[in-house]
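In each ligand, atom 1 is the first atom listed, and ligand 1 is the first ligand listed. All values below were derived from every heavy atom in this structure, side-chain atoms included, with hydrogens, water molecules and symmetry-related copies excluded. If you read the sequence from its start, that first residue is 1, and numbering goes on from there.
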Amino acid sequence: MAVSAGVERLMNEYNRFKNVTLNDLFDKDENRALKYAIEFDGLYYDYSKNRFDDNVLQALFELAKEHHLKERIEAMFSGEKINITENRAVLHTALRNFSGKPVMVDGVDVMPEIRRVLAKMKTFSDDVRDGTFRGATGKKLKNIVNIGIGGSDLGPFMAVQALQKYADKEINSYFISNIDGTACAEVLNKIKPEETLFIVASKTFTTIETLTNAKTCRAWLVEALGESAVKNHFVALSTNAKAVAEFGIDVNNMFEFWDFVGGRYSMWSAIGLSIALAVGFENFEDMLKGAEAMDKHFRETELEKNIPVIMALIGIWYNDYYNIHRYGVIPYDQYLKFLPSYLQQLDMESNGKSVRLDNKKITDYATGPALFGGAGTDVQHSFFQLLHQGTEPVPVDFIIPAISLNESGVHHEILLANVLAQAEALMKGKTVEEAAAELRAAGKSEVEIEKLKLNKSFDGNRPSNMFVIDKLTPYTLGMLVAMYEHKVFVQGVIWEIDSFDQWGVELGKQLALKILPELQGKAEAKHDSSTSSLIARIKKVRE
Ligand code: F6P
């Protein structure tokens, strides 16, 4: 984002606007809430509690146009190789394309292959769920263990938790991701080999965590049931058939995907098999359809009414003009508890970059913010203190279903009251005078009031987005996730970075491979003095 006309205009807007508060904006315009809200397919997006006016928004849309956003969106959907450092198309959207229209990569329509794998997933998940496909001893496979990490874990894990209400209660879903042996041990302790299906999920099939965990699980199974049982108890999800075969999984038991599907964008592909097994293929397909609806909205709607575009531009406004490099996502829904961890990879692995598409180092603006979050109301009792009274604001996305999947007593009404209250409190705050008046009304002495009034005041003016979904369904979950994918994409376009590579994870991997033999005493440690002494210290304790 070099200093272009668009950037200059926004800097001027910032200087004009920076002292205007949310309270001023609402006081001035009683229609603000309705003016800055969008309703789409069971999703209501209220973005009025953000620090902008029409002029700021216009300047942000101009910035998007200056970056040819519409053309870039089209380039992604139509299979251009926009992941330039890996020379790959970016087509997670093709995985949920039910339009019947072809999607071309290098002159080949990828849709027939996508449909073939989806059909294979349907047959397999139906067969496991109804007992047609059984374990080697004839027992029904009721434990599904997904072994994968990053994009091969977080999406399916989040979705299986989110869709628990739709899941077959006879099926137990487990996820092993961490190389920490505890992850494997704790799952294997709970299950019986003859009732267990292992899904080895790895795009590359080279990831050390996944392969190590898969080997441990394979040995555990073979020890109990023999080598011949592997074909009934192991399937692979990957783009790398050769490595799958080398690992000892029959390629007939492999569900493919392709290099145009990024790891953190892959829950719509074969990587979603554990979702289909837990909730049934129809529900999995509904999730894809929800995502497809959001894709259509994103691709076809003018920028000014486009939900992911507006989210992205507001994020850029805070990140690059207000210099706020943090961002919270707080679903008020227990089922969506793991959405923030999923979004951490999506957002931070995509946009945590400092090299531009033109191969220049970024020195004069910030890219992706640090994202964190958790489920409300839990997090009100942990980090919300900082959101309300910390020295810097944190823009927040609140997500809430209007109807709970477990409407019982007053629970949901209290939950709803809380999410609305938090957004209002963040925005409105409480003046020192108001705090003093409250203390006075409570009978406090003037000395006590003096001591407490500042602590009990709230600056307010803290922005948030509110997303109200009618109800959490596979369809609405698909919409929400696709919405965030596209938000991340738009920000990457404006920051002029490649949102689809992840070179930043490589250096740590390389060094770990060097340190491993050193820890094992097979090589001599040669590092900085801190690393070397830590290696020596750990070796000593382990001896
Ligand atoms: O963390 C790096 C990464 O490459 C992620 O992008 C990816 O989702 C994860 O590792 C797992 O990779 P794979 O699916 O190839 O095992």
*asked:* I'd like to check the salt bridge (charged side-chain N to carboxylate O under 4.0 Å, His left out) partners of Glu209; sequence neighbours left out, ordered by chain and number.
replied: none
*Please name the pair of heavy atoms, one in Asn232 and one in Leu197, separated by the smallest distance, quoted to 0.1 Å.*
O-CD1, 4.0 Å
*asked:* Restricting to salt bridge (charged side-chain N to carboxylate O under 4.0 Å, His left out), what partner residues turn up for Arg88, sequence neighbours left out?
replied: Glu86, Asp259
*List the closest protein heavy-atom neighbour of atom 12 (O) of ligand 1: residue, atom name, distance to the nearest 0.1 Å.*
Thr207 OG1, 3.5 Å
*At under 4.0 Å between heavy atoms, which part of Lys203 makes contact with ligand 1: side chain, backbone, both or neither?*
both
*atom 10 (O) of ligand 1 [closest protein heavy-atom partner, distance rounded to 0.1 Å]*: Lys509 NZ, 4.7 Å
_Please determine whether a side-chain nitrogen of the Lys or Arg among Arg264 and Glu349 lies less than 4.0 Å from a carboxylate oxygen of the Asp or Glu._
yes
*Quick check: does Gly151 get an N/O under 3.5 Å from an N/O on ligand 1?*
yes
_Check for me whether Glu209 has a heavy atom closer than 4.0 Å to any atom of ligand 1._
no
_Counting non-hydrogen protein atoms only, what is the nearest one to atom 15 (O) of ligand 1? Give residue, atom name and distance._
Thr204 OG1, 2.6 Å
*Just wondering, do Phe372 and Val394 contact through their side chains at under 4.5 Å, heavy atoms?*
yes
*Minimum side-chain heavy-atom gap Met483-Leu43 below 4.5 Å*: yes
*Look at atom 1 (O) of ligand 1 and say which protein heavy atom is nearest, naming residue and atom and giving the distance to 0.1 Å.*
Glu349 OE2, 3.3 Å
*How far is atom 9 (C) of ligand 1 from its nearest protein heavy atom, and which residue and atom name does that atom have?*
Ile149 O, 3.7 Å
